[in-house]
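All of these numbers come straight from a predicted model, not from anything done at the bench. Worth knowing before you read on, the calculation uses all heavy atoms, side chains too, and leaves out hydrogens, waters and symmetry mates.
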Amino acid sequence: MTKNNLSNMANESLTNASAAETSSDAATAQTNQQKQGFSRRSFLTGAAAAGALAVAGLAGCSPQNSSTGNGSGTTGTSTSGTATSGKWSWETAPAAITNFAETIDTEILIIGAGISGLATAAAAAEEGGKVLVVEKCAQFNGRGGGFGAINSRYMEQVGATFDKPDAYGHWVAQTGSRSTESLIAKFFRDSERASNWILDKIEAVGGAVMVGDFFSKDTVWSEVPGYHMAFLMTPPGENPPEGFEYNPFLPATCLYNDSLKAGAEYMFNAPAVQLIKEGGKVTGAIVETDKGTYTRINASKGVVLATGDISGDEEMVEAYAPIALPLPLKRSQYTPQAVGSGWNSGAAVNNGEGHKMALWAGAQMVDGPCPTMMHPQAFTWFHAAFLFVNTEGKRFFCEDTWVQGKSNNMVRQPDQMAFSIFDNNWLKDIEDTVGFGGGMFWDSFRAFGTPTAAAADSFKNSMFGSENPAPGAMSYLEAGKDPSVATDTLSAVQAAWQADTLEELAELIHVPVDTFLETVERYNKLCEAKSDIDFFKEPTFLTPIKEAPFFATKVGPAILAIPAGLKCDDDFRCLDASGKPIDGLYVAGNMVGSVIAVDYPINVAGNSHGRCITFGYDLGKQLVGKYEPALKPGDPMPGLKLGTVNRWTAEGFPKETTEQ
């Protein structure tokens, strides 16, 4: 059965509401099988397709429960693995649960306490909505370092405004014109309001925010300055403020605390296991308890699926985003591996259970193959636009591309990794090129408007070690002394190698010496001519490799998330096979599938979190009838500088602007 047949199968099984009513023996059998250690796939493939209910899991756990990037598997309720009998394991719906130990009534039920679920909860509760959030893990969770915005008051304060139509066009192009433009436009319109909302919350607890300058200034791979990094600094010897003892990601913690103050309620270690659909409308969900019983939750205003991405389920990745296999997925530094504590400790997370539940309710996955958030950060977080060679010592692409482009090229190479090669002039080369290129791992995480020398200084400290290193910190070169690091395809060690000759460098990184020397010799000729006839790199970025000592860093793609979401309309309602909204069923965060496609649009760095905050804000307001568009016809476009040249100075500011 193909993916296109999934919803037809689901709709057939959902046609008659009475058919959804199965005996309590089926529910008991499900519970017994899970307790006996059967995999979720074993149950699903053997269960009868039944009606209005579907198994679902919640958003991932905190980074403290995450893998360290070694790709180890877990036990629990994961459906990862190879499908049997020519079918995906989720193509058969489970039997309905009909016995409940308790029934709870609420207005808005949010499944998943990640940043999108938290934003939705806070926005709705602050407007008086009755909100219940159920979460599979023992606590709310957040991950990452910041969020992206189209505009904010912080951006305007430092002058980080940009040409919105240009950025919008790059987003559409990077998603292959297959995304839903009305949703992109909604993010562009509403981002400023929601960003200022979360900035208010951060400021209220004494947090600090930095707008980053580490965006690409390239004319082709143009990015924009909208990445906000938030910090809550606790002086040495002092305890964190009350409510911030656990603080995985400051915006998430602020949203959680403020939603509680506004009256939202939370159930932790409470995995949702089935949706309830009655008369064509999703009216609630069922959660499992620590006693092995089930609680029915009725939601009069809607159920919001905020269960994260699918990267915790290898089978779903194979079906919808096979480019992530095998090593980028195993190298993930973001995907939590299991629930870390509580009665359901060990259960898999971020494994698409919310997607499966929605499919059984008649929703549609976006057209595949689905985009990945795959960045070249599996190993060393520095490589710039220097020469790349694969493990065979060969050059294979134009290195001054965007971060997704680097990853997509490396994923097709042996061992799905490469090495960045440069010489003793590398620090000057960074200063000379960052102002015309840049972006992640070519530039450092520096504040907007700081000089490019700050990037060179940062990487110098990482390479050789700083004067005051953090406890346990190791320089790139020190890490490279381990002889196993160069050939290890999974370890997240950030390493580099230094040698007096190119022959020695090739041996240190275990690439064929003769091939490597030929590659470098040819590359140097291209640099001398300022004409890259092999891959057409811009002349500005053609830096030769001639002066000893010579250096190499190890580079590889890693999955941060696989935002393979569900088709939805501009009100975040899931769409059925005919394109009509499913009443009562909404999506948030990486489950909003229609806003991106083909590739993750890194031209607005951090937009995954930015969309979680913005769309969560919008959806929360909408569900209580308080949403208003941020912009109306005739309003000026916030932050737009007409006539902005799409080439930035080294310090981030546009070279030419014409004020409105």
Side-chain angles (χ1 to χ4, degrees), residues 114-116 119 142-152 154-155 160-176 178-199 209 211-212 214-216 221-230 249 251-252 306 308-309 334 366 370-375 377 402-405 407 439-440 445 559-565 568 572 587-619 630 638-639:
I115 190 166
S116 66
R143 50 188 182 168
F147 66 92
I150 301 303
N151 201 51
S152 75
Y154 277 56
M155 293 170 66
T161 56
F162 56 85
D163 189 324
K164 304 302 183 292
D166 181 80
Y168 180 93
H170 274 80
W171 184 306
V172 172
Q174 289 182 7
T175 59
R178 282 176 41 196
S179 48
T180 301
E181 288 202 32
S182 56
L183 276 169
I184 303 172
K186 187 167 188 172
F187 176 57
F188 270 61
R189 287 192 303 269
D190 293 359
S191 171
E192 179 181 19
R193 179 176 59 188
S195 297
N196 287 338
W197 174 66
I198 193 66
L199 290 172
V209 176
V211 178
F214 37 90
F215 62 98
S216 175
W221 307 109
S222 173
E223 299 172 10
V224 296
Y227 194 81
H228 296 63
M229 300 183 73
F249 178 51
D309 75 316
Y334 263 43
V366 294
C370 294
T372 64
M373 192 188 306
M374 184 164 58
H375 294 348
Q377 64 182 68
W402 59 320
V403 293
Q404 291 285 120
S407 293
M440 286 191 293
F445 292 97
I559 289 294
L560 276 70
I562 300 177
C568 67
F572 312 109
V587 285
N590 277 326
M591 294 197 71
V592 179
S594 303
V595 73
I596 59 176
V598 182
D599 250 321
Y600 178 72
I602 196 64
N603 71 303
V604 181
N607 74 76
S608 177
H609 276 166
R611 288 182 287 106
C612 286
I613 294 168
T614 299
F615 288 164
Y617 175 93
D618 287 351
L619 181 55

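- Taking both residues in full, the closest heavy atoms of Ala561 and Asp309 are given as CA-OD2, 3.3 Å, listed atom of the first, atom of the second, then distance.
- Heavy atoms only, all atoms of each residue included: Pro563 and Pro371 are closest at CD-O, 3.5 Å.
- Contact annotation: the side chain of Phe572 approaches that of Leu183 to within less than 4.5 Å [non-hydrogen atoms, C-beta and beyond].
- The shortest non-hydrogen separation linking Ser222 to His170 is CB-NE2, 3.5 Å.
- Here the side chains of Val172 and Tyr168 are in contact, with some heavy-atom distance below 4.5 Å.
- Distance CD1/Ile602 to CE/Met440: 3.5 Å, rounded to 0.5 Å.
- A distance of 11.0 Å separates CD1 in Ile596 from CZ in Arg178, rounded to the nearest 0.5 Å.
- Annotation for Ile115 and Pro251: closest pair CD1-CB, 4.3 Å, computed over non-hydrogen atoms.
- Geometrically, Lys186 does not engage Phe188 in a cation-pi contact, judged by NZ or CZ lying under 6.0 Å from the ring centre and within 45° of the ring axis.
- Across every non-hydrogen atom of Ser191 and Thr614, the tightest pair is CA-OG1, 3.5 Å.
- Note: Leu560 CG to Arg143 CZ = 8.0 Å, rounded to the nearest 0.5 Å.
- Phe215 and Tyr227 have their aromatic ring centers separated by at least 6.0 angstrom.
- The line from CZ of Phe147 to OG of Ser195 is 5.0 Å long, rounded to the nearest 0.5 Å.
- Ser608 OG to Ile613 CD1: the interatomic distance, rounded to the nearest 0.5 Å, is 10.0 Å.
- Taking 4.5 Å as the limit, every side-chain heavy atom of Trp402 sits out of range of all side-chain heavy atoms of Ser216.
- Closest non-hydrogen pair, Asp599 versus Thr372, comes out as OD1-O, 4.2 Å.
- The CZ atom of Arg189 sits 12.0 Å away from the CD1 atom of Ile150 when rounded to the nearest 0.5 Å.
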*Kindly indicate, with the supporting measurements, whether the criterion side-chain hydrogen bond (donor to acceptor under 3.5 Å, both in side chains) is fulfilled by His228 and Ser152.*
CA-CA 9 Å; His228 296 63; Ser152 75; 2.8 Å; yes

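- Looking at Arg193 and Asp618, a side-chain N of the basic residue comes within less than 4.0 Å of a carboxylate O on the acidic one, giving a salt bridge.
- Within the 4.5 Å cutoff, side-chain heavy atoms of Tyr600 are placed close to those of Asn607.
- Aromatic ring orientation, Phe187 versus Trp171: tilted (interplanar angle from 30° to 60°).
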